[in-house]
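Everything below concerns the one structure shown next.
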Amino acid sequence: MDSYQQREQDLKEHIKEDLELQKKLEDKKRCENDEKEKKKLEQQIEEVKNSILNYKSELESLPSIAEQESLNNAMTKITFVELDMVTNGILRMPLPTESNYNIIPPIEKMSKNELTGMAQQRLMTGVIQANMVSHFVEHMVKIIPDFAEKLKAGFVEEYMKFRANGLKGNDLLYSLHEFSCNNSQDDNLRAAGLAVLYYFFEKCELFER
């Protein structure tokens, strides 16, 4: 059993034990006539409830943590092969070039676009291979002169669709990541898609400046 499965099992067991304890304390409170003892029991019940909420919150976050660990490991293994595979599914006809080339620091931009917690962590994983993506795009431009613009157009088109459907913040980031890796479940392709997404995020081609 790996550490993720072990932690999942432990959390479920802790929740079960606390629920049983909560029931015992509530049963005891119902039979208690002393007001001081009732208040003590109420405090204990509240503490157990908070403990259960904390365990449930961690349990719900485990899949995101496991995926982040997989992306971290895969990000160091991607090559031009994976980048070529994911970008082929993104290319669109070039859009008109914008005149605003202001670059905003990634952290400031993430905050402005309501990216928080695991979404921030996921996006910043892409910085690991930002240079590789840059070299890949430069290489492809020598073969296909408008490659970078077509790639940007693909992202912008999907970004606008997602925004029109009401997506923003973390949900928007997660949807763009799925698009960037063509909904692949392969760790290397998911990492490659994320690296390309970060490349355009850092260049301020995506999200609000």
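Heads up: numbering here begins at 1 and tracks the sequence.
Lys152 is not listed as a side-chain neighbour of Lys203, based on a closest heavy-atom distance of 4.5 Å or more. Contact annotation: the side chain of Val196 approaches that of Leu151 to within less than 4.5 Å [non-hydrogen atoms, C-beta and beyond].
Between Glu157 and Lys161 a salt bridge is recorded (basic side-chain N to carboxylate O distance below 4.0 Å). Between Lys23 and Asp27 a salt bridge is recorded (basic side-chain N to carboxylate O distance below 4.0 Å).
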| field | Evaluation steps, salt bridge (Lys or Arg N to Asp or Glu O under 4.0 Å), between Lys29 and Glu37 | value | CA-CA 8 Å; Lys29 179 189 169 186; Glu37 286 301 317; over 6 Å; no

| task | List the steps, then state whether side chain to side chain contact (heavy atoms under 4.5 Å, CB included) holds for Leu71 with Met75. | result | CA-CA 6 Å; Leu71 285 171; Met75 191 62 73; 5.5 Å; no

| What do the steps show when you test Asn72 against Gln68 for side-chain hydrogen bond (donor to acceptor under 3.5 Å, both in side chains), and what is the final call? | CA-CA 6 Å; Asn72 289 343; Gln68 186 60 47; 3.0 Å; yes

| task | Mind running side chain to side chain contact (heavy atoms under 4.5 Å, CB included) on Glu114 and Asn170 for me, showing each step along the way? | result | CA-CA 7 Å; Glu114 302 178 49; Asn170 293 355; over 6 Å; no

| field | side chain to side chain contact (heavy atoms under 4.5 Å, CB included) between Lys56 and Ile52, intermediate numbers included | value | CA-CA 6 Å; Lys56 285 184 175 179; Ile52 292 171; 3.7 Å; yes

| query | Please walk me through it: do Val133 and Tyr198 pass side chain to side chain contact (heavy atoms under 4.5 Å, CB included)? | reply | CA-CA 9 Å; Val133 176; Tyr198 177 82; over 6 Å; no

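Listed here is the closest heavy atom pair of Ala119 and Leu173: O-CD1, 4.1 Å. Taking every heavy atom of both residues into account, Thr76 and Gln129 meet most closely at CA-NE2, 3.8 Å. When all heavy atoms are compared, the tightest approach of Leu197 to Phe155 is CD1-CE2, 3.9 Å. Among all heavy-atom pairs drawn from Cys181 and Val86, the shortest one is CA-CG1, 4.2 Å. Contact record, Leu194 with Arg122: CD2-O, 3.0 Å, taken as the closest heavy-atom pair. The shortest non-hydrogen separation linking Ala192 to Leu83 is O-CD2, 3.9 Å.
Gln9 and Glu13 share no donor-acceptor pair across their side chains, judged by distance under 3.5 Å alone. There is a side-chain donor-acceptor pair under 3.5 Å between Thr79 and Glu82. If you check the side chains of Tyr174 and Glu178, you find no donor sitting under 3.5 Å from an acceptor.
A side-chain donor-acceptor contact under 3.5 Å links Ser180 to the backbone of His177. Checked by atom type and distance alone, the side chain of Asp171 never pairs as donor or acceptor with a backbone atom of Leu167 at under 3.5 Å. In terms of modelled atom types and a separation under 3.5 Å, the side chain of Thr87 and the main chain of Asp84 share a donor-acceptor contact. Although no hydrogens or angles enter the test, the distance criterion places no donor-acceptor pair under 3.5 Å between the side chain of Ser175 and the main chain of Leu172. A donor-acceptor pair is defined here as one N or O able to donate and one able to accept, closer than 3.5 Å; no such pair exists between the side chain of Asn182 and the backbone of Ser184.
From Thr116, atom OG1 reaches atom CE of Met118 across 11.0 Å, with rounding to the nearest 0.5 Å. If you take NZ on Lys16 and OH on Tyr55, they are separated by 15.0 Å, rounding to the nearest 0.5 Å. In this structure, the separation between CD on Gln22 and CD on Gln44 is 12.5 Å, given to the nearest 0.5 Å. In this structure, the separation between CD1 on Ile45 and NZ on Lys28 is 10.5 Å, given to the nearest 0.5 Å. The distance from atom NE2 of His14 to atom CG of Asp18, rounded to the nearest 0.5 Å, is 8.5 Å. One finds the CD atom of Glu47 at 10.0 Å from the CG atom of Leu25 (value rounded to the nearest 0.5 Å).
Classification of the Phe136-Phe80 ring pair by plane angle, with boundaries at 30° and 60°, yields perpendicular.
When the side chains of ILVMFWY residues are joined at heavy-atom separations under 4.5 Å, either directly or via intervening members, Leu41 and Leu19 end up in a single hydrophobic cluster. Both Leu176 and Met160 are assigned to one and the same hydrophobic cluster, defined by single-linkage of ILVMFWY side chains at heavy-atom distances under 4.5 Å.
Counting heavy-atom neighbours within 6.0 Å of Met85 CE, excluding the residue itself, gives a total of 12 or less.
Annotation: cation-pi geometry satisfied between Lys109 and Phe201 (NZ/CZ under 6.0 angstrom from ring centroid, within 45° of ring axis).
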